[in-house]
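The block underneath contains the structure these notes are about, expressed in structure tokens.
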Amino acid sequence: MEPLYQYAWLIPVLPLFGAMLVGLGLISYSQATNNLRQRVAVFIVSLLGTAMVLSFALLWSQINGHETYTQMFEWASAGDFRLSMGYTIDHLTALMLVIVTTVAFLVMVYTDGYMAHDPGYVRFYAYLSLFSSSMLGLVVSPNLVQVYIFWELVGVSSYLLIGFWYDRKAAADACQKAFVVNRVGDFGLLLGMLGIYWATGSFEFEVMGVRLEHLVETGALSVGLATLFGVLVFLGPVAKSAQFPLHTWLPDAMEGPTPISALIHAATMVAAGVFLVARMYPVLEHLPIVMNIIAWTGAFTAFLGATIAITQNDIKKGLAYSTISQLGYMVMAMGVGAYSAGLFHLMTHAYFKAMLFLCSGSVIHGMEAVVGHDPVLAQDMRLMGGLRKYMPITSACFLIGTLAISGIPPFAGFWSKDEILGSAFTANPALWFVGWATAGMTAFYMFRMYFSTFEGEFRGNNEEIKQQLLVGTPAPAMAFGPGAMDPNELEHGHDDHDHDHHHSHSPHESPVTMTLPLMVLAIPSMIIGLLGTPFANYFEQFIYAPGESLAEVLEGLAEFDLTEFLIMAGNSVGIALIGITFASLMYLSRKIDPGAIAQQIKPLYNFSLNKWYLDDINDKLFVQGSRRLARQVLEVDYKVVDGAVNLTGFITLLSGEGLKYLENGRAQFYALIVFVAVLGFVVFSGV
């Protein structure tokens with residue numbers, strides 16, 4: 001198996017080669033390259049497919065006990081400073097490679113049907129390939145510097161893909177917002193990694209952890225300073241994985257095409273933050289304050305995302321806040337030391353959330369045939385309903401994803417989420433309670449989405465609702481309460497991938513290139529959780545925390561308490577069933593009027609509908625505040641800085657004008673000046 005590891009560098013290089021070749025073609029021979037649409041897609045997908053096969057081979061090798069393989073070369077040196085680059089293949093790397101390549105491969109297949117009529121079809125595939133390469137490069141990075149390089153490349157890819165339809169203001173604003181918010185986190189990450197290097201003299205994960213622990217124990221480095229470094233490093237994952245308070249960019253990122261929502265903002269890129277926390281685990285586990293901050297940040301984010309998702313009417317925005325909530329679970333797991341549980345949920349969530357997002361794209365694709373390409377209409381669940389009979393494959397896959405994310409056994413999400421809740425209860429019952437309550441809300445808003453989209457009567461031809469949505473007037477008769485749609489949503493972008501504006505009376509199922517990836521993703525969404533059951537936790541035996549031994553893991557698994565598991569699992573499933581029951585009463589049987597409930601708790605309803613007013617706070621505090629500051633700085637620059645320069649010039653002008661009369665060329669006049677000067681000197685000296 002050694003030759004396989006020697007050529008593992010091809011995994012990130014193959015999609016990079018595809019992106020470069022297609023990109024050069026678009027730059028040099030744009031029209032000819034764009035005419036090779038299908039051939040370009042096959043080429044890009046084939047390269048990623050090869051990388052996927054190599055990733056599965058590496059995973060199989062690691063499962064069979066191959067030791068960690070690292071290939072390094074010296075990249076830069078100056079005096080005693082040495083910086084090496086290369087790649088490492090261990091259990092975590094092999095797992096992440098498989099997750100990224102499989103999801104990216106299926107998304108690329110789906111893209112062929114979804115973007116079939118978009119003029120940017122070839123450019124989109126080039127961007128997809130660039131992103132895949134960047135994420136795969138991040139996964140195989142053996143040290144923090146290389147992680148940071150690919151971290152920024154992932155950010156560039158995200159910027160390009162969110163703003164893919166850059167001629168629309170909403171998409172342009174969204175990609176800029178994502179860029180700015182992520183720069184805040186990345187600056188913290190940069191400061192933190194430089195601080196840790198200053199303290200430990202290394203960028204290697206294991207070495208940093210051992211040396212930092214030794215420095216803190218011996219008192220050579222204060223606990224406060226080490227904690228500060230840890231918090232700064234954590235700022236990177238806070239931004240990339242959309243944790244509070246740097247989460248606001250993720251819902252706006254839905255302005256990109258739906259395949260991007262599935263690939264970047266549900267399954268892979270946002271998981272990069274969780275992956276970095278896992279990689280930095282040898283460092284962070286010795287900083288209890290940092291671990292507590294991580295745990296509570298994750299718990300609060302999970303709760304925040306769920307409370308906002310409850311009132312979202314845009315199907316993609318609802319899934320976006322759901323992603324924020326689920327990422328909070330993963331981060332909370334890392335914070336309480338449940339290393340394998342967090343990564344297990346990362347894996348299961350990647351598959352079922354990618355499927356849910358692709359299902360939403362399929363729904364939008366079908367709705368546009370009825371309501372046209374206006375996103376206010378095509379993406380709003382208040383105009384959907386009854387789609388199950390028109391889109392049976394999409395509805396079945398969406399239901400599977402809904403059951404998985406709601407934590408219903410035996411679907412994948414149950415096993416991973418239950419393991420996180422059990423670990424949280426052991427660490428701190430308060431954290432468990434937040435996660436438990438969030439689980440109930442998750443089941444409620446996901447089944448709210450399913451019932452409102454696929455059950456009941458189809459509302460897409462209801463002209464009254466259309467007009468109410470378009471003009472933003474209150475719609476008390478709607479299924480989602482009395483709220484008005486924000487007129488600003490009229491500016492929001494949409495997936496304008498089809499320029500055929502002929503409407504039909506009913507939606508239709510998507511083509512096979514779109515439905516096939518959904519069916520493939522439905523399989524792991526149902527069964528992959530069985531790898532991590534508490535009865536035989538093969539996942540934890542494969543992925544265990546750095547510093548742990550397999551013997552310790554097996555000893556912990558041997559202590560499995562069936563009664564405790566049934567109590568914990570019963571609680572999590574029970575709260576999920578309560579959420580499902582409320583959703584069915586409100587949006588399926590209509591025995592409870594959601595509009596009446598919204599009126600009774602209108603302050604809370606508006607609080608959720610307006611996303612805790614966090615976007616408004618950011619706008620007032622940072623956007624408007626920075627503009628006011630800029631105007632004040634401009635005023636100072638104009639009046640003080642420019643004034644001082646102008647005054648200097650004016651004084652020079654006056655002095656020059658005055659002195660020019662003394663320069664007349666007469667020797668007698670110069671002698672008189674010298675005489676007056678000497679006389680004055682004598683007089684003043686005498687005085």
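Since this is a predicted model, take the numbers as computed values, not measurements.
Counting non-hydrogen atoms of neighbouring residues, nucleotides and ligands closer than 6.0 angstrom, the CD1 atom of Ile289 reaches no more than 12 such neighbours. More than 12 heavy atoms of other residues, nucleotides or ligands shown are found within 6.0 angstrom of OH on Tyr613. The environment of CZ in Phe582 is sparse: at most 12 heavy-atom neighbours from other residues, nucleotides or ligands sit within 6.0 Å. Other residues, nucleotides and ligands contribute more than 12 heavy atoms inside 6.0 Å of the CZ atom of Phe458.
In terms of heavy atoms, Tyr339 sits closest to Ala278 at CE1-O, 3.6 Å. Summarising the geometry of Ala404 relative to Ala412, their closest heavy-atom pair is CB-N, 4.4 Å, with the distance given to 0.1 Å.
Here the side chain of Asn182 pairs a donor or acceptor atom with the backbone of Ala178 at under 3.5 angstrom. A donor-acceptor pair under 3.5 Å is absent between the side-chain atoms of Glu455 and the main chain of Tyr450, judged by distance alone. Checked by atom type and distance alone, the side chain of Thr248 never pairs as donor or acceptor with a backbone atom of Asp615 at under 3.5 Å. In this structure, the side chain of Lys316 engages the main chain of Met254 through a donor-acceptor pair within 3.5 Å. In this structure, Ser608 contributes its side chain and Thr307 its backbone to a donor-acceptor pair below 3.5 Å.
For Tyr605 and Thr311, the side-chain atoms include no donor-acceptor pair closer than 3.5 Å.
Relative orientation of the His365 and Tyr114 rings is tilted, given thresholds of 30° and 60° on the angle between their planes. Using cut-offs of 30° and 60° on the angle between ring planes, the pair Trp612 and Phe303 is perpendicular. Ring geometry for His349 against His345 counts as tilted: the plane angle lies between 30° and 60°, on a 0 to 90° scale.
Proximity of Val331 to Ile294: side-chain heavy atoms (C-beta onward) are separated by under 4.5 Å at one or more points. Within the 4.5 Å cutoff, the side chain of Met586 has heavy atoms near those of the Phe444 side chain. Looking at heavy atoms from C-beta onward, Pro237 lies out of side-chain contact with Gln243 at the 4.5 angstrom threshold.
Residues that satisfy the side-chain contact (heavy atoms from CB on, under 4.5 Å) test with Val98, not counting sequence neighbours, are Ser55, Phe56, Leu59, Thr102, Tyr351.
Judged by a 6.0 Å distance limit and a 45° cone about the ring axis, Arg183 is positioned over the six-membered ring of Phe179.
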Given Phe622 and Val180, is the side-chain contact (heavy atoms from CB on, under 4.5 Å) satisfied, shown in steps?
CA-CA 11 Å; Phe622 296 109; Val180 171; over 6 Å; no

